[in-house]
Amino acid sequence: MDADDTSNSPAEPSFPERVWEIVVAIPPGQVTTYGTIAAVLGNRRAARMVGWALSSCPEHVGEHAHRVVNRYGELSGGWSWGHPDIMRALLEDEGVQFVADYQVDLDRHLWVPPLQDNPEDSE
DNA sequence: GCTGTGACTGGGT
DNA sequence: CACCCAGCCACAG
C-alpha cells in the first residue's frame, strides 16, 4: 500500500492541539504552568513545546493563554501581549493575586488540569 | 542537514 | 529564589 493516503483521517489530536484544549479549559481565577500541562500530556520535558504551541496558537486560544505561567508563577510570556502589564491586568481582573508585579501566587491559584489518557510516562 | 534559539523544567549548589 | 547544567522538541536561517 502506498504510504501517501491523504484521504485517511485518524483525527488524532497532536501535541499543540491538546495544549490548546487544556489552556482553554483553565477556569477563571486559576493559573497553571507549562510543566503541568506537559506532564498531563505525558511528556514533562515537553514544557518547551507547550510554550511553542502557545506562541503559535490560534487567536481564540490566546484569550486563555494569559492563565499560563512558568514554574515560579512569573508572566514569562507577558510580552506576547505587547507588554506583561496587559497579561497581569487580565489575571487581576479574574481575581488572581500577585506576589510581585509580574508573579502570581501559585500557592493560591495553581490549577491542575484533569489527567488525559496517557498510559505512558511512568516516571 | 547542521546550528542556534526558544512563552520551559528539574536537580544540584 | 538565583545561577549553572542537561534534556526535550520544533522551527528558522
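Order of the sequence lines sets the chain letters (A, B, ...), proteins ahead of strands, with each chain counted from 1.
- Stretches of at least 3 consecutive Watson-Crick or G-U wobble pairs, with each checked distance under 3.5 Å, appear in DNA chain B as B:2-6 with C:9-13, B:8-13 with C:2-7.
- Heavy atoms only, all atoms of each residue included: A:Leu110 and A:Gln30 are closest at O-NE2, 4.0 Å.
- Between the side chain of A:His64 and the backbone N or O of A:Ala25, no donor-acceptor pair lies under 3.5 Å.
- Between the A:Thr32 side chain and the A:Val112 main chain, no donor and acceptor come within less than 3.5 Å of each other.
- If you check every strand for non-hydrogen atoms under 4.0 Å, A:Ala65 touches a base.
- The CD1 atom of A:Ile22 sits 7.0 Å away from atom CH2 of A:Trp111, with the distance rounded to the nearest 0.5 Å.
- One interatomic measurement links the two molecules: CD1 of A:Ile26 to C1' of B:dA7, which rounds to 13 Å at whole-angstrom precision.
- Using a 4.5 Å heavy-atom threshold, the side chains of A:Val104 and A:Leu75 count as touching.
- Judged purely by atom type and a 3.5 angstrom limit, A:Asn43 has no side-chain atom pairing as donor or acceptor with the backbone of A:Arg45.
- Taking every heavy atom of residues 69-101 of chain A and every atom of DNA chain C, pairs under 4.0 Å involve A:Tyr72, by number.
- By the rule that hydrophobic residues join a cluster once side-chain heavy atoms approach within less than 4.5 Å of another member, A:Phe15 and A:Tyr34 end up as members of one cluster.
- Rounded to whole angstrom, the span from the CG atom of A:Asn43 across to the C1' atom of B:dG10 amounts to 15 Å.
- Panel note: side chain A:Trp20, backbone A:Ala53; a donor-acceptor pair is recorded below 3.5 Å.
- Look at CZ on A:Phe15: it is 14 Å from P on C:dC8, rounded to the nearest Å.
- In this structure, A:Leu106 atom CG and B:dT9 atom P are separated by 10 Å, rounded to whole Å.
- Taking hydrophobic clusters as Ile, Leu, Val, Met, Phe, Trp and Tyr residues chained together by side-chain heavy-atom distances below 4.5 Å, A:Val24 shares a cluster with A:Met49.
- The OG1 atom of A:Thr36 sits 9.5 Å away from the CD1 atom of A:Ile26 when rounded to the nearest 0.5 Å.
- Look at the P atom in both B:dG1 and C:dC8: the space between them is 22 Å, to the nearest Å.
- Residues A:Val31 and A:Met87 fall within the same hydrophobic cluster, defined by Ile, Leu, Val, Met, Phe, Trp and Tyr side chains chained together at heavy-atom separations under 4.5 Å.
- One atom, CZ of A:Arg45, and another, C1' of B:dG6, lie 18 Å apart when rounded to the nearest Å.
- Contacts with DNA chain C (heavy atom under 4.0 Å) in residues 47-63 of chain A: A:Arg48, A:Met49, A:Trp52, listed by number.
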